[in-house]
Structures are given as structure tokens and as C-alpha cells.
Participant: 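Below is the structure I would like to discuss, written out as C-alpha cells.
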Amino acid sequence: MGQALYRKYRPRSFNDAVGQEAATKTLEKAIKSGRISHAYLFAGPRGVGKTSIARILAHQINDLPYSGDEFHLDIIEIDAASNRRIDEIRDLREKVHIAPTSAKFKVYIIDEVHMLTKEAFNALLKTLEEPPAHCIFILATTEAHKLPETIVSRTQRFDFKPISRHAAQERLRKIADEEKIAADDDALEMIAQFGEGSLRDIIGLLDQLGGSGQKISQKAVRDFLGIPADQSVTALMDAIIKANAKNAIGILDDLQAKATDPIAVAKSLSAKLRHKLINNELGGKWAADLLKELIEIPAGVNPQELLELAVLRAAARGNDDQPSQPPTTGEGTQKTNPKIIKANDPPVRNGSSNDTSKESAKPAANNEFDIRSWDEILARAKTKAPSLYSALRLAKPVLEDGKLILSFPFQLHKKKVQEAKQLNLTAEIIEEVTGAKPVILCSLDKSLADNSEPLPQLNETVAAELNAISNIFGKAEVLES
């Protein structure tokens with residue numbers, strides 16, 4: 001059985017470690033000068049070399065050769081995710097007082113240390129406060145913020161950075177050449193970018209792609225990882241900017257049909273949007289809101305649905321200014337031609353379309369719904385149920401024979417409001433605002449998507465928003481579109 005490439009090319013010395021020169025050089029100097037700490041904390045994202053460098057450090061401290069495969073009795077590795085209880089730490093506390101078998105120091109490497117329970121942390125703290133002279137601890141974690149400050153303060157902390165794209169690509173080229181894997185440079189660059197700083201993941205991807213025996217091309221990487229073509233993302237960005245919701249949803253449907261990863265689409269789209277915001281090519285609160293939603297998609301339960309909602313919310317932003325249209329399909333379609341009433345029109349009374357009463361909107365009596373209250377209903381929904389509001393704001397309300405027909409341009413929003421829970425919540429909000437209890441019907445009217453108009457780009461009045469984006473991402477890393 002062949003060895004996985006990420007294990008085969010795991011660093012065996014500080015010089016082999018990629019992208020962590022600040023940490024390795026400091027550790028080397030400390031060893032040479034004999035200024036060795038009793039406890040170290042290696043913090044940083046996964047796959048950047050924390051555990052590998054911990055093993056190298058453990059061997060260097062003890063003047064032991066290290067090839068990556070040997071096991072030494074005085075270098076003990078503990079996975080805190082599996083040994084997180086107080087009993088395991090108590091057992092450790094008892095054993096730390098036993099002298100090393102052959103090495104100068106007994107070294108404990110505790111991986112994912114943030115997984116320990118509160119009681120286990122308290123037990124570990126007592127050992128760190130008064131450690132035996134022959135014992136050294138190396139704690140590694142991907143979530144240093146979860147560690148008690150009492151633990152952190154008793155260690156020397158080293159923060160590991162994500163591997164840069166350039167360093168990762170160089171490492172991939174070296175491995176590909178040694179393994180006789182044919183690969184284009186642009187394909188390796190795409191792999192390095194997709195790995196997001198985790199060298200272990202990046203090398204793993206090369207291993208998978210190289211298993212086919214075929215030359216690794218950019219297209220092969222794109223198809224394997226579900227990365228969208230740049231022209232598709234550009235077209236999607238253009239449709240959003242022009243507030244063309246129909247084109248935007250069409251592009252998303254096409255990408256989904258090609259089995260494109262929605263998370264990859266969100267990342268590519270957010271990179272282009274960020275570029276435009278930082279370079280002052282776009283303005284408006286909608287753009288900053290969209291960027292925030294795109295960033296949150298990878299952590300979502302249903303990335304595809306979240307991506308569609310985010311894109312539609314931005315691309316359909318012009319619909320609020322369009323006149324209402326009669327529903328053409330769906331449950332709300334009637335045989336008769338309904339009278340269209342805008343949200344800001346006066347209510348129709350006694351069935352007359354010529355009633356132009358200018359009375360202010362008041363809670364309706366006798367179960368009569370006043371459609372002039374629609375804006376107030378939306379405002380209440382925004383406060384009470386933001387996810388429901390995101391769908392209701394795209395609806396066009398139509399009052400017909402005492403029934404409230406909500407026409408939606410997209411099936412996604414119609415389906416959401418039609419859920420029993422959301423429909424009951426809508427009725428509850430309407431009753432709170434107007435006092436009425438109209439029958440609510442949902443209808444699909446795709447023609448509403450065609451009525452979107454581009455929202456004019458804003459000028460330097462959005463400078464504050466751009467500064468906020470720059471504060472999050474930094475101005476130096478501007479991506480090319």
C-alpha cells in the first residue's frame with residue numbers, strides 16, 4: 001500500500017517546514033542557546049505544520065534523530081479530542097513525575113488541547129504551574145481563543161500562519177516533479193488557492209488528482225473541485241449589479257446543473273465583489289450586505305439555498321420600485337381578473353375601484369384588510385422575522401374578494417412563505433398591524449423578475465462602507481478579476 005503524499009512529505013527538520021520561518025528560527029535559536037521553556041503553545045489553522053514542528057522540536061530538544069516514522073517512549077502524543085476528560089489528565093499528572101527512560105526530557109504533545117473539559121484544564125494547570133524539571137509540554141490548537149488565559153499565560157505562544165499561495169505552489173511543484181506527476185503551473189496554482197493555506201489539504205488534493213495518471217490541467221482541477229468558470233462568475237456578478245434577477249437565477253441554475261460547488265461559487269463571487277468594493281467600482285449598502293452573506297455561506301447548513309437567497313436578495317433589490325402585476329400561475333391565480341392595488345394605494349371599499357379615500361391606514365374593522373399597511377407589515381416582519389422578511393419584501397400584494405394574494409417572482413420565496421410556520425407568522429404579523437385576518441394565498445409570477453431595473457451606482461458617500469470592508473480584509477490584497 002502506497003503512503004499518502006502528505007505523510008511522505010511531512011517535514012523532518014525545521015528547514016523542511018514551509019511558511020513558518022518566524023516560529024522555526026526562534027525555536028532553533030532557543031535550542032542552541034539552551035533557553036528551553038517548560039511549555040509551548042502552537043496556535044493556528046489546521047494543516048499548517050503545528051504537530052509536525054512539535055515533533056521536530058521534541059526530537060531536537062533531546063538530540064534525537066527524526067525521520068518521521070519512529071516512535072520514542074519519552075515523546076508522548078495525546079489527542080485531546082479523544083482524551084478530554086479529567087481522568088486522562090489525572091493519569092498524565094501521575095506519570096509526568098516518572099523520569100525519562102533514555103532521553104534528556106520527557107515531552108508531551110497535546111493536540112487539539114482546546115477540546116479538554118473545564119475540569120481537565122484545571123488539572124493540567126496544576127501541572128503547568130509546577131512542572132518537573134525533566135518534563136516539557138507542547139500544546140497545539142486550532143482554536144486558541146477557547147483556552148483559559150491561565151493556561152495560555154504559562155506557555156510560550158507561537159502563532160502559525162496559513163501557508164501563502166506562492167509557497168504552497170512551490171511545494172506542489174517540487175512534490176510533483178519528485179513523484180513524476182505531470183501538472184500545469186496554472187493547475188497547481190488553482191490547487192494552492194483552493195487549499196486556503198492548509199498545506200496538508202493542498203498536498204492531499206495533488207495526491208488525488210495525480211492518481212489518475214493523466215496530466216493535471218486547470219480544467220481537470222476545476223471539474224474535480226467543482227470550481228466555477230471565471231466567465232460564469234463574471235456573468236453572475238454583472239447580473240447582480242444590473243439588478244437582473246432572472247439572469248442571476250438562470251446562471252445559478254446552470255452552475256448547479258454542472259455540479260459546481262456552491263461554496264466555491266460564493267468564494268469566487270465574494271472575491272470579485274470585494275475587488276470592486278475596495279477599488280470603489282461599486283457602491284451601496286446592498287453590496288456590503290451581499291459580501292457579508294457570501295462570507296457566511298461556507299458555515300451554513302444548506303450552502304446552495306443560502307447562495308440563492310443572497311444573490312436573489314441583491315439582484316431583486318429593484319423590484320420594490322416596480323408596479324404590481326397580476327399573478328399568472330400558482331395557487332393564487334383566479335379565473336377572474338383581479339384588481340391590482342399597490343401597497344401605497346388607498347383601500348378599495350364596497351367593491352368600488354374609484355374610491356379614492358385619503359384616510360390614513362388604520363387597523364381594519366370587521367376583518368377588512370387595509371393594503372396600505374403593507375409597508376408597515378414589512379417593517380414589523382423585518383424586526384420580528386428577518387428571514388421571512390427577505391421573502392415577503394419581494395412579494396407584490398394583491399387584494400381580491402377579501403383575499404390577500406402575494407405574488408412572488410421566484411419559486412424559492414413562494415415556497416418559503418407557503419410553509420405552514422411562515423404562513424402562520426405572516427398572518428400573525430398582519431393581524432398585529434391591521435387587526436385583520438385575511439385569507440393569504442401565494443402565487444408565482446415569473447414576469448415580475450423581468451421588471452427589475454438596475455440600481456444606480458453610488459458615489460463616494462459609501463466611503464465609510466468601503467473602509468469597513470478594508471478593515472476586515474486589508475487593502476493590500478486586491479484580487480484580480
Side-chain angles (χ1 to χ4, degrees), residues 4-10 18-20 44-49 160-238 251-252 254-276 278-279 291 294-295 297-299 303-304 307 311 473-474 476-481:
L5 291 184
Y6 81 88
R7 294 187 61 190
K8 183 177 180 180
Y9 289 94
R10 178 177 285 159
V18 177
Q20 307 300 343
R46 63 187 184 87
V48 297
F160 286 61
K161 303 176 294 183
I163 308 301
S164 71
R165 192 184 309 174
H166 177 70
Q169 187 177 351
E170 283 189 341
R171 185 67 168 173
L172 288 178
R173 173 49 68 194
K174 182 178 180 180
I175 295 173
D177 291 344
E178 291 188 18
E179 295 294 322
K180 302 296 188 294
I181 298 174
D184 294 333
D185 287 339
D186 56 0
L188 296 182
E189 182 182 5
M190 184 173 288
I191 295 173
Q193 179 180 358
F194 190 83
E196 296 186 325
S198 172
L199 190 60
R200 182 173 62 228
D201 290 353
I202 290 167
I203 296 175
L205 289 173
L206 177 66
D207 200 0
Q208 288 180 281
L209 287 160
S212 66
Q214 304 294 321
K215 184 175 184 179
I216 302 176
S217 64
Q218 192 178 58
K219 183 180 184 304
V221 176
R222 194 182 297 280
D223 292 343
F224 180 79
L225 298 176
I227 299 174
D230 186 68
Q231 56 265 34
S232 296
V233 180
T234 299
L236 180 58
M237 185 78 260
D238 185 59
I251 295 169
L252 285 179
D254 182 60
L255 289 170
Q256 187 177 19
K258 294 177 180 176
T260 305
D261 183 5
I263 293 178
V265 176
K267 289 180 178 178
S268 298
L269 186 60
S270 64
K272 287 188 178 294
L273 182 57
R274 173 195 169 198
H275 171 79
K276 290 182 178 295
I278 291 176
N279 286 278
L291 182 58
L294 292 173
I295 292 171
I297 284 174
Q304 182 65 41
L307 176 62
V311 169
F473 296 100
E477 296 182 29
V478 179
L479 303 181
E480 294 297 328
S481 57

Participant: Write down the atom of Phe160, the atom of Gln20, and the distance for their closest heavy-atom approach.
Facilitator: CA-OE1, 3.5 Å
Participant: Distance-only, no hydrogens or angles: does the Ser198 side chain make a donor-acceptor pair with backbone N or O of Gly195 under 3.5 Å?
Facilitator: no
Participant: Under a 4.0 Å threshold between the charged nitrogen and the carboxylate oxygen, would Lys272 count as salt-bridged to Asp230?
Facilitator: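 Between Lys272 and Asp230 there is a salt bridge, with a charged N closer than 4.0 Å to a carboxylate O.
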Participant: For the backbone of His275 and the side chain of Asn279, can you confirm whether one donor and one acceptor N or O come within less than 3.5 Å of each other?
Facilitator: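 The answer is yes, because a donor-acceptor pair under 3.5 Å joins these two groups.
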Participant: Shortest non-hydrogen contact from Tyr9 to Ile175?
Facilitator: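 Distance-wise, the nearest heavy atoms are CE1-CG2, 3.8 Å.
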Participant: For the pair Ser268 (side chain) and Val265 (backbone), establish whether a donor and an acceptor sit closer than 3.5 Å, ignoring hydrogens and angles.
Facilitator: no
Participant: Where do Ile163 and Ala168 come nearest, in terms of heavy atoms and distance?
Facilitator: CG2-N, 3.9 Å
Participant: Within the distance-only criterion (no hydrogens, no angle test), does the side chain of Asp207 pair as donor or acceptor with the backbone N or O of Leu5 below 3.5 angstrom?
Facilitator: yes
Participant: Ignoring hydrogens, what is the shortest heavy-atom contact between Ile227 and Ala264? Give both atom names and the distance.
Facilitator: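 Shortest heavy-atom contact: CA-CB, 4.2 Å.
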Participant: Salt bridge between Asp223 and Lys258, side-chain N to carboxylate O under 4.0 Å?
Facilitator: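 Salt bridge between Asp223 and Lys258, a charged N being under 4.0 Å from a carboxylate O: no.
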Participant: If we ignore hydrogens and angles and just use 3.5 Å, is the side chain of Asp261 paired with the main-chain N or O of Ile263 as donor and acceptor?
Facilitator: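 Present.
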Participant: Using 0.5 Å steps for rounding, measure from the CG atom of Leu206 to the CD1 atom of Ile216.
Facilitator: 5.0 Å
Participant: Got a donor-acceptor contact below 3.5 angstrom from the Arg171 side chain to the Val18 backbone?
Facilitator: no
Participant: State whether the side chain of Arg173 and the backbone N or O of Ala183 hold a donor-acceptor pair below 3.5 Å, judged by distance alone.
Facilitator: yes
Participant: Between the main-chain N or O of Asp185 and the side-chain N or O of Gln169, is there a donor-acceptor pair closer than 3.5 Å?
Facilitator: yes
Participant: Let's go through Leu269 and Val311 carefully: what are the C-alpha distance in whole Å and the side-chain angles of both, what is the deciding distance for side-chain contact (heavy atoms from CB on, under 4.5 Å) to 0.1 Å, and is it a yes or a no?
Facilitator: CA-CA 10 Å; Leu269 186 60; Val311 169; 4.2 Å; yes
Participant: OG1/Thr260 to CD1/Ile251 distance, rounded to the nearest 0.5 angstrom?
Facilitator: 12.0 Å
Participant: Search all heavy atoms of Ile202 against all heavy atoms of Ile191 and return the closest pair with its distance.
Facilitator: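 Between these two residues, the closest heavy atoms are O-CG2, 3.7 Å.
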Participant: Identify the heavy atoms of Pro262 and Gln304 that sit nearest to each other, and give their distance.
Facilitator: CB-OE1, 3.4 Å
Participant: Ignoring hydrogens and angles, tell me if any N or O in the side chain of Ser270 forms a donor-acceptor pair with the backbone of Ala266 under 3.5 Å.
Facilitator: yes
Participant: Check step by step if side-chain contact (heavy atoms from CB on, under 4.5 Å) holds for Arg222 and Gln218.
Facilitator: CA-CA 6 Å; Arg222 194 182 297 280; Gln218 192 178 58; 4.1 Å; yes
